[in-house]
Amino acid sequence: MRETELARDFHLTPVINVAGTMTYLGASIVIPEAIAAMQRILPEFVKMEELQRYASGVIAQLTGAEAGFITASSASAISMAVAGCLTKDNLLAVEKLPDDSLTRNEVLVQAGHLVSYGAPVEQAIRLTGAKCVSIGQATQCAPYHLENSINERTVAAVYVVSHHVVDHGQIPLSLFCQIAHARGVPVIVDAASEYDLQRFLREGADIVIYSGHKFLGGPTSGIVAGKKSLIRHAWLQNRGIARGMKVGKESICGAIAALQAWQTRDHHAVRERETNILRLWAEGLQDLPGIHVSLEADPTDNPLERCKITVYPDRARTTAWDLSQALSAGTPSVIVRDHMAEKGYFYLDPCNLHHGQEVTVLKRIIEELNAALSGDKPAITRFEDRLMQRQQAALLWPD
């Protein structure tokens, strides 16, 4: 079905995603191999344990882990991994979670890593009954903060790899693992949006969590990889709190297919296509009044760049957040990566475009800028008002 037909039949706003692999936009374009795998399994019955056992082999092959399994999402994977550290293989303890009577229930996280990915990282930990212990300060966490926070109540440590975290003054993962392991504490890494499937285990992580529906291009799912004993303990949570987080057979098969396709994907060709799109945007926007265009590497070292659009309100007669809002409100709705808009810029991410959409994005930006330049008054909203508008919009249920 063509995109316009889908939008019409389900009464959806046509969307062009230049924000990246964002859950609130449906994450990513699912690759044909994953779609075919889901279609094959949907009419069938399976023993889910057998399907997960097969998934474990595929995960181990690609990541270098001892074992793994597929979850409903990366968020649920965090809860399951933490819960596994709480209960180990005690089935009664699994059924009792969340349990605030446990004596070993503290999970350490650097303060600069306590971010939101749409919901707080801390909440995914607290859902298990564990206590999230913040270490260090937001802008600085030293080795001694971790060393002196580990005690007889510490059950795990969580490390977050994301563009949301503070990008300086944090303990590097390899040292974080070294300190934790010296005191018998397992390290769980949330690497949902990361491209490298082996780096974090190589640097010492005990469990690593990836998204199956971001760079891999699978269905909504999470991928848990790591040491066999810890993976088994996390898997047992399906008998407890993870029952409400259960993953379907189609998502498991789709994630497996996405992992297998990752091995044969022409990553060089993907990068070349994205580079050409970035060049089109940079050349098309560089001479517009009040606009500065540059290319910026991904902050967590994923092998990609994004187009950074800096907006100078005195000349553009609009702001980065107003331009972002105008692009979102138009038809098609162009969603940019605007989490830094209050600093005067946003990004265009080329990784989720259908053929030709990059041209539409360029056209829409030029149209909105021209509208701001030719308007009777500047299209400028106070950022404080923008924040309140977003908060009110979050409370609405679509009628």
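Note that the numbering runs from 1 along the sequence shown for the chain. What you are looking at is a predicted structure, and each value in this text was computed from that prediction instead of being measured.
Centroid-to-centroid, the aromatic rings of His164 and His113 stay 6.0 Å apart or farther.
Looking at Lys96 and Asp99, no side-chain N of the basic residue comes within less than 4.0 Å of a carboxylate O on the acidic one, giving no salt bridge. Ionic pairing of Arg53 and Glu49 is not present here: no N-O contact between side-chain nitrogen and carboxylate oxygen is shorter than 4.0 angstrom. For Arg306 and Glu296, the salt-bridge test fails: no basic side-chain N is under 4.0 Å from an acidic carboxylate O. With respect to the salt-bridge test (charged N to carboxylate O, under 4.0 angstrom), the residues Arg273 and Asp266 do not qualify. Salt bridge absent: Glu66 and Lys228 never bring a charged side-chain N and a carboxylate O closer than 4.0 Å.
Counting heavy atoms from C-beta outward, Leu348 and Arg337 have side chains that stay 4.5 Å or more apart. Counting heavy atoms from C-beta outward, Asn105 and Leu86 have side chains that approach closer than 4.5 Å. Under the 4.5 Å side-chain criterion, counting only non-hydrogen atoms from C-beta, His181 is in contact with Asp206. Looking at His163 and Ser193, their side chains never come closer than 4.5 Å, going by heavy atoms from C-beta outward. Looking at Gln178 and Leu175, their side chains come closer than 4.5 Å, going by heavy atoms from C-beta outward. Inter-residue side-chain proximity for Cys177 and Glu203 is flagged as unmet; no heavy-atom pair is nearer than 4.5 Å. Between His292 and Tyr312 there is a side-chain heavy-atom pair separated by less than 4.5 Å. Using a 4.5 Å heavy-atom threshold, the side chains of Glu305 and Leu278 count as touching.
Sparse packing is recorded around CZ of Arg239, with 12 or fewer heavy atoms of other residues, nucleotides or ligands lying under 6.0 Å away. The number of heavy-atom neighbours closer than 6.0 Å to OH of Tyr24, taken from other residues, nucleotides and ligands shown, is above 12. Taking a 6.0 Å sphere around NZ of Lys131, one finds it holds 12 or fewer heavy atoms contributed by other residues, nucleotides or ligands. Around the CZ atom of Arg40, the shell of radius 6.0 Å holds no more than 12 heavy atoms that belong to other residues, nucleotides or ligands.
Between the SG atom in Cys351 and the CG atom in Asn302 there is a gap of 9.5 Å [rounded to 0.5 Å]. Once rounded to the nearest 0.5 Å, the distance linking NE2 of His233 with NZ of Lys227 reads 12.5 Å. The distance from atom OG1 of Thr220 to atom CD of Glu250, rounded to the nearest 0.5 Å, is 10.5 Å. Distance check, rounded to the nearest 0.5 Å: CD of Glu358 to CD of Glu274 gives 11.5 Å. We find the CG-CZ distance between Leu197 and Phe215 to be 11.0 Å, quoted to the nearest 0.5 Å. Within the model, atoms CZ of Arg202 and CG of Leu173 stand 11.0 Å from one another, a figure rounded to the nearest 0.5 Å.
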Practice item. Show your working on side-chain contact (heavy atoms from CB on, under 4.5 Å) between Ile125 and Val158 and close with a plain yes or no. Key: CA-CA 9 Å; Ile125 296 169; Val158 170; 4.1 Å; yes
Exercise for review: Under the side-chain contact (heavy atoms from CB on, under 4.5 Å) rule, what do Ile209 and Ile78 come out as? Steps first, then yes or no, please.
Suggested key: CA-CA 7 Å; Ile209 295 162; Ile78 295 172; 3.8 Å; yes
Exercise for review: Show the numbers, then the answer: is there a side-chain contact (heavy atoms from CB on, under 4.5 Å) between Tyr210 and Phe200?
Suggested key: CA-CA 11 Å; Tyr210 294 98; Phe200 307 105; 3.4 Å; yes
Practice item. Quick one: do Tyr195 and Trp262 satisfy ring pair (Phe, Tyr, Trp, His ring centres under 6.0 Å)? Show the steps, please. Key: CA-CA 10 Å; Tyr195 203 93; Trp262 188 255; 4.7 Å; yes
**Study point:** Leu259/Ile223 under side-chain contact (heavy atoms from CB on, under 4.5 Å): CA gap, chis, key distance, verdict
**Key:** CA-CA 10 Å; Leu259 282 163; Ile223 297 165; 4.0 Å; yes
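With a 6.0 Å cutoff to the six-membered ring centre and a 45° limit on the axis angle, Arg386 does not count as a cation-pi contact of Phe383.
Using modelled atom types, one side-chain atom of Lys249 and one backbone atom of Leu42 make a donor-acceptor pair closer than 3.5 Å. Without hydrogens or angle criteria, Arg271 side chain to Pro303 main chain gives a donor-acceptor distance under 3.5 Å. A donor-acceptor pair under 3.5 Å is formed between the side chain of Ser149 and the backbone N or O of His145. Using a distance-only test at 3.5 Å, with no hydrogens or angles considered, no donor-acceptor pair links the side chain of Ser328 to the main chain of Ser324. Side-chain atoms of Asn17 come within 3.5 Å of backbone atoms of Gly20 as a donor-acceptor pair (strictly under, hydrogens ignored). With Ser333 contributing its side chain and Gly330 its backbone, the two residues share no donor-acceptor pair below 3.5 Å. At distances below 3.5 Å, at least one donor-acceptor pair connects side-chain atoms of Ser28 with backbone N or O atoms of Lys214. Looking only at distances, no side-chain donor or acceptor of Asp338 sits under 3.5 Å from a matching main-chain atom of Ala341. For the pair Thr319 (side chain) and Asp322 (backbone), a donor-acceptor distance under 3.5 Å is present. Using a distance-only test at 3.5 Å, with no hydrogens or angles considered, no donor-acceptor pair links the side chain of Arg153 to the main chain of Glu106.
Considering every non-hydrogen atom in both Ala372 and Thr318, the closest pair reads CB-CB, 3.9 Å. Of all the heavy atoms in Ile70 and Val247, the pair that sits closest is O-CG1, 3.5 Å. For the pair Val166 and Ala138, the tightest heavy-atom approach, listed with the atom from each and the gap, is CG2-O, 3.2 Å. Heavy atoms only, all atoms of each residue included: Ile31 and Ala261 are closest at CD1-CB, 3.6 Å. Scanning both residues, Ser79 and Leu127, for their nearest heavy atoms gives OG-CD1, 4.0 Å. Considering all non-hydrogen atoms of both residues, Pro219 and Ala34 come closest at CD-CB, 4.3 Å.
The hydrophobic cluster containing Val107 does not contain Val187, counting ILVMFWY residues as joined when their side-chain heavy atoms lie under 4.5 angstrom apart, directly or transitively. Cluster annotation: Met80 is connected to Leu97 through the hydrophobic network of ILVMFWY side chains, with a link wherever side-chain heavy atoms come within less than 4.5 Å. Note: the hydrophobic cluster containing Leu327 also contains Leu285 (ILVMFWY, side chain heavy atoms under 4.5 Å, direct or indirect links). The hydrophobic clustering, which links ILVMFWY residues whose side-chain heavy atoms are closer than 4.5 Å, places Leu304 and Val336 apart. No path of Ile, Leu, Val, Met, Phe, Trp and Tyr side chains, each step under 4.5 Å between heavy atoms, connects Ile277 with Val270, placing them in separate hydrophobic clusters.
Considering only residues two or more places apart in sequence or on other chains, Phe69 meets the ring pair (Phe, Tyr, Trp, His ring centres under 6.0 Å) condition with Trp235.
When only modelled atom types and interatomic distance are considered, Tyr159 and Gln110 share no side-chain donor-acceptor pair under 3.5 Å. Ser76 and Ser73 form a side-chain donor-acceptor contact under 3.5 Å, judged by distance and modelled atom types alone.
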